[in-house]
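What follows is one structure encoded as structure tokens, with my remarks underneath.
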Amino acid sequence: MSGGGCSVVWFRRDLRVEDNPALAAAVRAGGVVCVFIWAPEEEGPYYPGRVSRWWLKHSLAHLDCSLKSLGTSLITKRSTDSVSSLLEVVVSTGATQLFFNHLYDPISLVRDHRAKEVLTAQGIAVRSFNADLLYEPWDVNDVHDCPFTTFDAFWGRCLSMPYDPDAPLLPPKRIISGDVSRCPSDTLVFEDESEKGSNALLARAWSPGWSNADKALTTFINGPLLDYSYNRRKADGATTSLLSPHLHFGEVSVRKAFHLARMKQVLWANESNKAGEESVNLFLKSIGLREYSRYISFNHPYSHERPLLGHLKFFPWVINQNYFKAWRQGRTGYPLVDAGMRELWATGWLHDRIRVVVSSFFVKVLQLPWRWGMKYFWDTLLDADLESDALGWQYISGTIPDGREFDRIDNPQFRGNSFALVPLSHDERKSLKESTSVVTTRFIWFEGYKCDPNGEYVRKWLPELARLPTEWIHHPWNAPESVLQAAGIELGSNYPLPIVGIDAAKTRLQEALSEMWQHEAASRAAVENGTEEGLGDSSESVPIAFPQDIQMEENNEPARNNPPGTRRYEDQMVPSITTSLVRAEEEETSLELQNLTEETRAEVPTDLIVNQEPRRDMLNQGVFQTTRNNALPPPNAAIGMQHAVEDSTAESSSSTRRERDGGVVPVWSPSSSSYSEQFGSEDNSIGTSSYLQRHPQSHQIMNWRRLSQTG
DNA sequence: TGACAGTTCAT
DNA sequence: TGAACTGTC
């Protein structure tokens, strides 16, 4: 044991000992105290769901075990204020240094900045590291030194950076423990009695913990990766990497995954194995999307609750809690959607393709507000991840520049080939011959035939449809009565009729979109006239509250011991999932968060430590520095007036640059505090979608500074 | 080789 | 829908 002068390593979502830069730096510095602080109330409405807490519990136990074998252990603290608890740990152990790895969700950005400030003020040396990304968000910029606004451009840049992502670090061989005799652990409670039964099933399918994650990675790289491109569209999870929950909790290093996959790619390229090469590209792209979600979150910290494209704030979402309930329960009448929702409920897992199916349906057919769907995913997914889920839902909702176009449920295809007008098959013609119908085409749900061609997935999760022939499995509403009878199905009775017809959905979508554009135009006109500043802003920027039935579903059963601030979905058929507290005062909370975050972004990192280590530490000089509006391209005529005005009033900022390994780390001065985010102009339009070309007035990302003023 | 139709797939 | 790709003449 070493006495004072030890280092505290603050573990969060980096629950591994391998390639953990904060841990490695602490080990090099001498005595180490490892701490995990459980303060879920700090997450506000994003209190972790049942399955997510289950994972965390086991991952922490696993980490503790590894640390014990290396010579120390994991101190756990229950808290409602992470920073205060952190300070207590530092004081009680006599530590002089704090090390942690970066997170990029809005709450962590604020919290970590505060931790740096508070501890630095106490004379503690604070250093933070990149353990979660290939490249830090502020290192990936376009030729104007602005952040990218489309994935393709972003990822293209990542793959052509002048320096490779850091090679993964080996686990420490031994850790000298700091003095924790005056720093006892709290017992952390991650599940209540009622949840234990459901959670027990999870252990059959999943093994949390960093070394299990490492095994999963190796298994995937040496096995399913080869056929990843061929298999990836199938609905069952057997061919995906299954790494996402491990990645969420930082049990596996994304850099290790990247380097291992790249090595395979080189190997397969030498063997002229085209499919293998393509598989690696696709796998790396999915890693890239995860990177991009952090990038978006860092550059637009409101992206989990506001559309990034301004005009979408005028979209009249359908506020229908019965639709929402039917979707959650898997009773929409669309078999693939229902199968997916039931799998999600039962297992906490969904194949990526099915996530796209159920969320597209949610947004485009039911036209429910995407944040409701995102919140439900948050509560139920094993790999719930705020940044990735926000990006996914914004993509599906068409609220990011390269997202799915919203105005495309039109004829006759629903984007993504989900609905297609197809000729009747031979069998169908035959079966319809007896009737007098002259129909020769029909709508089917085409996506179903792509990712579940034989209907096995649907039959697995919807046993009531098990006897329906494959021909009709994805569109039972088209099946002849005789077929339904033979399969024991009575639509509207033991399986629902579609709750919304596709034609009705298309009609409503068109009406809603024209309403949206009208409001958008009116708002813009008002702003340009200077009469009514931001007409419509008052409603636009207030997120639609989560549904009452979630909010009001208090759990009244006294025997249950829910974590504070949780609610239940009582209407679900499967018992015992908890959902997080829905904010009662949504508006205030958002505003507070935004202001806090803005404050964070407006300041220079207070990284006062002189770097002694050669490489990775240098990367951290610019940690959580603010934005780069000093490098914005000239205001574009196509961009709304209010932006031009803001640009003209924006303070110019100065920056200095430091050389690092051929790269450059920006260090921003306090004068770069004004934040004005906008899209580049046409000349900057790498990957600009046709949608935006058709609607240049919408070619802007919602300005977050204005939001915080008007929200 | 090149024009053209059919196809596939979107981050 | 439309860009990129495939196959045919």
Side-chain angles (χ1 to χ4, degrees), chain A residues 133-134 137 140 147-159 228-235 240-241 244 247 274-275 277-279 281-297 299-300 303-304 307-309 312 350-360 363-364 370 373-374 377 385-423 445-451 453 506 509-510 513 679 685-695 701:
Chain A
L133 296 175
L134 301 176
V140 186
F148 291 103
T149 50
T150 60
F151 172 74
D152 274 352
F154 164 79
W155 189 231
R157 177 65 185 148
C158 287
L159 292 175
Y228 188 75
S229 80
Y230 176 75
N231 282 330
R232 79 204 152 94
R233 72 185 59 163
K234 291 186 186 162
T240 65
S241 74
S244 55
L247 281 165
K274 275 264 182 222
E277 266 194 277
E278 182 57 17
S279 286
N281 281 336
L282 283 165
F283 174 63
L284 291 180
K285 186 178 160 188
S286 69
I287 286 184
L289 284 166
R290 181 181 173 282
E291 297 271 310
Y292 191 54
S293 72
R294 270 75 179 150
Y295 187 79
I296 289 283
S297 180
N299 287 304
H300 311 280
S303 65
H304 61 298
L308 264 68
L309 287 177
L312 259 300
L350 270 189
H351 188 285
D352 181 60
R353 289 284 152 152
I354 306 297
R355 295 183 197 205
V356 170
V357 167
V358 301
S359 54
S360 296
V363 171
K364 305 263 172 131
W370 60 270
M374 192 184 103
F377 269 26
D385 182 284
L386 195 58
E387 297 97 306
S388 289
D389 292 346
L391 178 64
W393 280 89
Q394 293 234 16
Y395 163 68
I396 293 296
S397 308
T399 58
I400 49 176
D402 48 358
R404 293 194 166 201
E405 296 165 22
F406 210 146
D407 56 346
R408 193 74 75 58
I409 212 176
D410 49 9
N411 59 342
Q413 287 187 336
F414 173 30
R415 185 121 199 258
N417 286 339
S418 289
F419 291 95
L421 198 61
V422 298
W445 212 16
F446 201 65
E447 188 74 31
Y449 288 98
K450 283 164 88 180
C451 60
K506 278 161 56 182
L509 188 64
Q510 290 309 327
L513 285 165
F679 250 122
S685 61
I686 310 162
T688 301
S689 76
S690 57
Y691 183 71
L692 291 168
Q693 281 159 0
R694 276 180 286 125
H695 303 290
I701 278 186

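Chain naming here is simple, since letters A, B, ... match the order of the sequence lines and numbering starts at 1 in each. FYI, side chains are in, hydrogens and waters are out, and symmetry mates aren't considered; it's all heavy atoms of this structure. If you're wondering where the values come from, they're calculated on a predicted model, not measured in any experiment.
Note: CD (A:E278) to P (C:dC5) measures 10 Å, nearest angstrom. Rounded to a whole Å, the CG atom of A:L308 is 17 Å from the P atom of B:dT11. Going from atom OH of A:Y395 over to atom C1' of B:dT11 covers 5 Å, rounded to whole Å. A straight line from CG of A:L309 to P of B:dT11 spans 16 Å, rounded to a whole angstrom. Nucleotide B:dA10 holds its P atom 17 Å from the CH2 atom of A:W155, rounded to whole Å. Taking atom CZ of A:F148 as the reference point, atom P of B:dT11 lies 16 Å away to the nearest angstrom. The distance between atom CZ of A:F151 and atom P of B:dA10, rounded to the nearest whole Å, is 12 Å. As a whole-Å value, the separation of A:D402 CG from C:dT1 C1' is 16 Å.
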Requested in this report: Take A:S286 and A:Y228, measure what side-chain contact (heavy atoms from CB on, under 4.5 Å) needs, and give me the verdict at the end.
Outcome: CA-CA 11 Å; A:S286 69; A:Y228 188 75; 3.8 Å; yes
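Scored by the salt bridge (charged side-chain N to carboxylate O under 4.0 Å, His left out) test, A:R157 finds no partners at all (sequence neighbours excluded).
Taking the six-membered ring where the residue is Trp, A:F151 and A:Y292 present perpendicular rings, their angle passing 60° and hence far from 30°.
Electrostatic pairing of A:K285 and A:D152 does not count as a salt bridge here, judged by no charged N lying under 4.0 Å from a carboxylate O.
Phosphate contact (OP1/OP2 of B:dT11, side-chain N/O of A:R353, threshold under 4.0 Å): absent.
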